[in-house]
Enquirer: 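Input: one structure, supplied below.
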Amino acid sequence: MSFLEVIRGDGPVVLGMPHTGTWLPGDMRDALNDRGRKLTDTDWHIDRLYNGLLDDVTVVRTAVHRYAIDVNRPPDGASLYPGQNTTGLVPLTDFDGQPIWTRPPDAAEVERRRALWHAPYHAALAAELARVRARHGLAVLYDCHSIRSEIPHLFKGVLPDFNIGTNGGTTCAPALQAAVARVCREAEGYDTVVNGRFRGGWTTRHHGRPAEGLHAIQMELAQRSYMTEAPPWTWNEGRATRLRAVLARVLAAVGRFALDSKNIHLP
C-alpha cells in the first residue's frame with residue numbers, strides 16, 4: 001500500500017496530517033497488546049473535519065498509525081517536553097501511561113521504521129513546502145491534530161478547545177499566530193490557549209523557519225469539540241458542523257496572511 005497521501009493545491013497553505021492513519025502491518029498489530037490494538041490515541045476524523053474548508057490547499061497525510069512510528073517526534077527520539085510525561089518516536093505506552101506492546105520493538109526495528117515511514121513523510125512535507133514557496137514567495141504549514149480533553153497522565157484538568165502551538169512564537173511570524181488566535185478567541189462557546197501544554201511537535205519546530213519564508217503553526221483540538229471521546233469514537237454531526245465553521249475562518253485567516261506580502265516578516 002502507499003502510506004503517503006499527497007493532494008496538491010495551488011495555494012500557499014499546506015495541511016499536515018500526521019496522526020489520522022490507523023494502518024499497521026499485520027505483524028506489528030499482532031505485537032501490540034489488547035490495549036494497544038484499540039488505537040486510542042488516534043487523531044480521529046481530522047481529515048474529515050478539515051476536508052473542503054480551504055480552496056487550493058495542499059494536504060500531506062500518512063496512513064501509518066502513530067504506534068508504529070510517530071512522525072511528529074524528533075527522529076533521534078529526544079523528548080519534545082523534557083520533564084513532562086509524553087510519548088516517544090515509537091510509543092511504548094499510550095497517553096494514559098499504560099504499556100501497549102507485548103513485544104516492544106528493539107533499536108534496530110525503530111530505525112527501520114524511521115527510515116521507512118518517518119523520513120519519507122517529512123521529505124514529502126519539505127517538497128510540498130518548497131513547491132508552494134517557489135510559487136508564492138512563502139509557505140504556511142498548518143499542522144492538524146486532536147486529542148482527548150482529559151488525560152491526567154499528560155496534563156491537569158480539561159484541555160482548552162483550541163491549542164495553538166508555535167514553540168513560543170519561533171515557528172511563524174507573529175502576525176500569523178495573532179491572526180489564528182484572534183479567530184479562535186472570537187468564536188463563541190470555545191476556549192483557546194497559545195503555547196500552553198502543546199507548543200508544537202517536531203513537525204512545526206523542524207519545518208517552521210519564518211526567516212526563510214516557511215511558517216508553521218500547530219492546532220491541537222480537544223476532541224470533545226467535534227466527536228464522542230470514547231469508543232467507538234463517533235463523529236458528532238452537530239458539534240462538528242459548528243466547529244468546521246470556525247476552522248474555515250481560521251484557515252481563511254491563514255490564507256489571508258500568506259497572500260498578504262505586507263505580513264511577510266524577513267530580517
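Source: prediction; values computed, not measured. Start at 1 with the first residue, then count along the sequence. The analysis underlying the following values was restricted to heavy atoms, covering all of them including side chains, and did not include hydrogens, waters or symmetry mates.
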Enquirer: Just so I know, are the side chains of Phe162 and Leu221 near enough to count as touching, which here means a heavy-atom distance under 4.5 Å?
Expert: yes

Enquirer: Hey, does the side chain of Thr42 reach the backbone of Trp44 with a donor-acceptor pair shorter than 3.5 angstrom?
Expert: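 Looks like no, no N/O pair under 3.5 Å.
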
Enquirer: Quick one: does Asn85's side chain have a donor or acceptor within less than 3.5 Å of a partner on His153's backbone?
Expert: yes

Enquirer: Grab the two heavy atoms, one from Ala68 and one from Trp117, that are nearest each other, plus how far apart they are.
Expert: CB-CZ3, 3.9 Å

Enquirer: Is the shortest side-chain heavy-atom distance between Val250 and Leu53 below 4.5 Å?
Expert: no

Enquirer: Could you give the distance from CD1 (Ile7) to OG1 (Thr58), rounded to the nearest 0.5 Å?
Expert: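 That separation rounds to 9.0 Å.
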
Enquirer: Does Asn167 reach the main-chain N or O of Arg199 with its side chain, forming a donor-acceptor pair under 3.5 Å?
Expert: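 No, because the side chain of Asn167 does not come within donor-acceptor range (under 3.5 Å) of the backbone of Arg199.
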
Enquirer: With a 4.5 Å limit on heavy-atom distance, are the side chains of Val254 and Val180 in contact?
Expert: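 With C-beta onward as the side chain, the pair touches.
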
Enquirer: Do Tyr190 and Val246 have side-chain heavy atoms sitting under 4.5 Å apart?
Expert: yes

Enquirer: Under the criterion side chain to side chain contact (heavy atoms under 4.5 Å, CB included), I'd like the reasoning laid out for Glu186 against Arg249: C-alpha separation, chi angles, the key distance, then a yes or no.
Expert: CA-CA 11 Å; Glu186 289 175 352; Arg249 296 197 294 273; over 6 Å; no

Enquirer: Between Trp101 and Met28, does a side chain to side chain contact (heavy atoms under 4.5 Å, CB included) hold up when you go through it step by step?
Expert: CA-CA 9 Å; Trp101 299 95; Met28 208 170 291; 3.9 Å; yes

Enquirer: Please give the remaining members of the hydrophobic cluster of Leu80, linking ILVMFWY side chains under 4.5 Å, ordered by chain and number.
Expert: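 Hydrophobic cluster check, Leu80: joined to Tyr81, Phe95, Ile147, Ile151, Leu154, Phe155, Leu159, Phe198, Trp202.
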
Enquirer: Can you tell me how far the CD atom of Glu212 sits from the CG atom of Leu129, to the nearest 0.5 Å?
Expert: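 Between Glu212 CD and Leu129 CG, I get 11.5 Å after rounding to 0.5 Å.
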
Enquirer: For the pair Arg133 (side chain) and Leu214 (backbone), establish whether a donor and an acceptor sit closer than 3.5 Å, ignoring hydrogens and angles.
Expert: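 Here the side-chain-to-backbone pair does not exist.
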
Enquirer: Indicate the atoms forming the closest heavy-atom contact of Ala222 with Pro160, along with that distance.
Expert: CB-O, 3.4 Å

Enquirer: Nearest heavy-atom pair of Pro105 and Arg113: which atoms, and what distance?
Expert: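 Taking Pro105 first and Arg113 second, the nearest heavy atoms are CB-NH2, 3.6 Å.
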
Enquirer: Can you tell me how far CZ of Phe257 sits from CD1 of Ile217, rounded to the nearest 0.5 angstrom?
Expert: 9.5 Å

Enquirer: Give a yes-or-no answer on whether the side chains of Tyr226 and Arg48 include a donor-acceptor pair shorter than 3.5 Å.
Expert: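 Checked: Tyr226/Arg48 side chains show no N/O donor-acceptor pair below 3.5 Å.
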
Enquirer: Taking the side chain from Thr102 and the backbone from Ala31, do they hold a donor-acceptor pair closer than 3.5 Å?
Expert: yes

Enquirer: Kindly compute the distance separating OG1 (Thr20) from NE2 (His45), expressed to the nearest 0.5 Å.
Expert: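 Reported value, rounded in 0.5 Å steps: 11.5 Å.
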
Enquirer: Taking all atoms of both residues into account, what is the closest heavy-atom pair of Gly88 and Arg73, and its distance?
Expert: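 Where Gly88 meets Arg73 most closely, the heavy atoms are O-CG, 3.5 Å.
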
Enquirer: Whether the side chain of Gln218 engages the backbone of His145 through a donor-acceptor N/O pair (distance < 3.5 Å, no angle test) should be reported.
Expert: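 Checking the backbone N and O of His145 against the side chain of Gln218, no donor-acceptor pair under 3.5 Å is found.
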
Enquirer: For residues Leu243 and Val193: do they belong to one hydrophobic cluster (side chain heavy atoms under 4.5 Å, members Ile, Leu, Val, Met, Phe, Trp, Tyr)?
Expert: no

Enquirer: For residues Gln84 and Ser79, determine if any side-chain heavy atom of one lies less than 4.5 Å from a side-chain heavy atom of the other.
Expert: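 SC-SC contact between Gln84 and Ser79 ruled out.
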
Enquirer: Run the side-chain hydrogen bond (donor to acceptor under 3.5 Å, both in side chains) test on Arg148 and Thr40 for me, step by step, so that the C-alpha distance in whole Å, both residues' side-chain angles and the decisive distance to 0.1 Å come before the verdict.
Expert: CA-CA 9 Å; Arg148 283 176 287 147; Thr40 297; over 6 Å; no

Enquirer: Assigning hydrophobic clusters by single linkage (Ile, Leu, Val, Met, Phe, Trp, Tyr; side-chain heavy-atom cutoff under 4.5 Å), is Met17 placed with Trp235?
Expert: yes

Enquirer: In the structure I gave you, are the side-chain heavy atoms of Asp143 and Pro18 within less than 4.5 Å of one another anywhere?
Expert: yes

Enquirer: How far apart are the closest heavy atoms of Ala258 and Leu138, and which atoms are they?
Expert: O-CD2, 3.0 Å

Enquirer: Is it true that a side-chain atom of Asn236 and a backbone atom of Thr228 form a donor plus acceptor pair closer than 3.5 Å?
Expert: no

Enquirer: Within a reach of under 6.0 Å around CG of Asp76, are more than 12 heavy atoms found that belong to other residues, nucleotides or ligands?
Expert: yes

Enquirer: Please answer whether the main-chain N or O of Val6 pairs with a side-chain N or O of Glu128 as donor and acceptor at a distance below 3.5 Å.
Expert: no

Enquirer: Take atom CG of Asp55 as the centre, draw a 6.0 Å sphere, and report whether it contains more than 12 heavy atoms from other residues, nucleotides or ligands.
Expert: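 Check fails, neighbour count at 12 or below.
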
Enquirer: Can a donor-acceptor pair be found, under 3.5 Å and without considering hydrogens, that links the side chain of Asn163 to the backbone of Glu220?
Expert: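 Judged by distance alone, yes, a pair lies under 3.5 Å.
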
Enquirer: Should Glu5 and Asp47 be marked as a side chain to side chain contact (heavy atoms under 4.5 Å, CB included) after you check the CA-CA gap, both sets of side-chain angles, and the distance that decides it?
Expert: CA-CA 11 Å; Glu5 179 184 17; Asp47 45 346; 5.9 Å; no

Enquirer: Would you call Val140 and Cys172 a side-chain contact if the rule is heavy atoms closer than 4.5 Å?
Expert: no

Enquirer: Can Thr166 and Gln177 be counted as having a side-chain donor-acceptor contact under 3.5 angstrom?
Expert: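 Yes, Gln177 and Thr166 have a side-chain donor paired with an acceptor closer than 3.5 Å.
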
Enquirer: Could you check whether Arg35 pairs with Asp96 (Lys NZ or Arg NE/NH1/NH2 to Asp/Glu carboxylate O, under 4.0 Å)?
Expert: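 Salt bridge between Arg35 and Asp96, a charged N being under 4.0 Å from a carboxylate O: yes.
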
Enquirer: Quick one: does Ile69's side chain get under 4.5 Å of Val90's, heavy atoms only?
Expert: yes

Enquirer: Of Arg66, His65, Arg61, which meets side-chain hydrogen bond (donor to acceptor under 3.5 Å, both in side chains) against His19?
Expert: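 Considering Arg66, His65, Arg61, a side-chain hydrogen bond (donor to acceptor under 3.5 Å, both in side chains) with His19 is found only for Arg66.
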
Enquirer: Measuring from atom CG of Asn72 to atom NE2 of His122, what distance do you get when rounded to the nearest 0.5 angstrom?
Expert: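 Between atom CG of Asn72 and atom NE2 of His122 there are 6.5 Å.
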
Enquirer: Can you name the closest pair of heavy atoms from Pro75 and Leu89 and give their distance?
Expert: O-CD2, 3.4 Å

Enquirer: Can Val158 be reached from Met219 by stepping across I, L, V, M, F, W or Y side chains whose heavy atoms are under 4.5 Å apart?
Expert: no

Enquirer: Run Arg224 and Asp161 through side chain to side chain contact (heavy atoms under 4.5 Å, CB included) and show every step you take.
Expert: CA-CA 8 Å; Arg224 69 174 181 276; Asp161 299 289; 3.2 Å; yes

Enquirer: Supply the atom-to-atom distance Trp23 CH2 to Thr62 OG1, rounded to the nearest 0.5 angstrom.
Expert: 9.0 Å

Enquirer: Check whether Arg239 reaches the backbone of Met227 with its side chain - one donor and one acceptor, N or O, closer than 3.5 Å.
Expert: yes

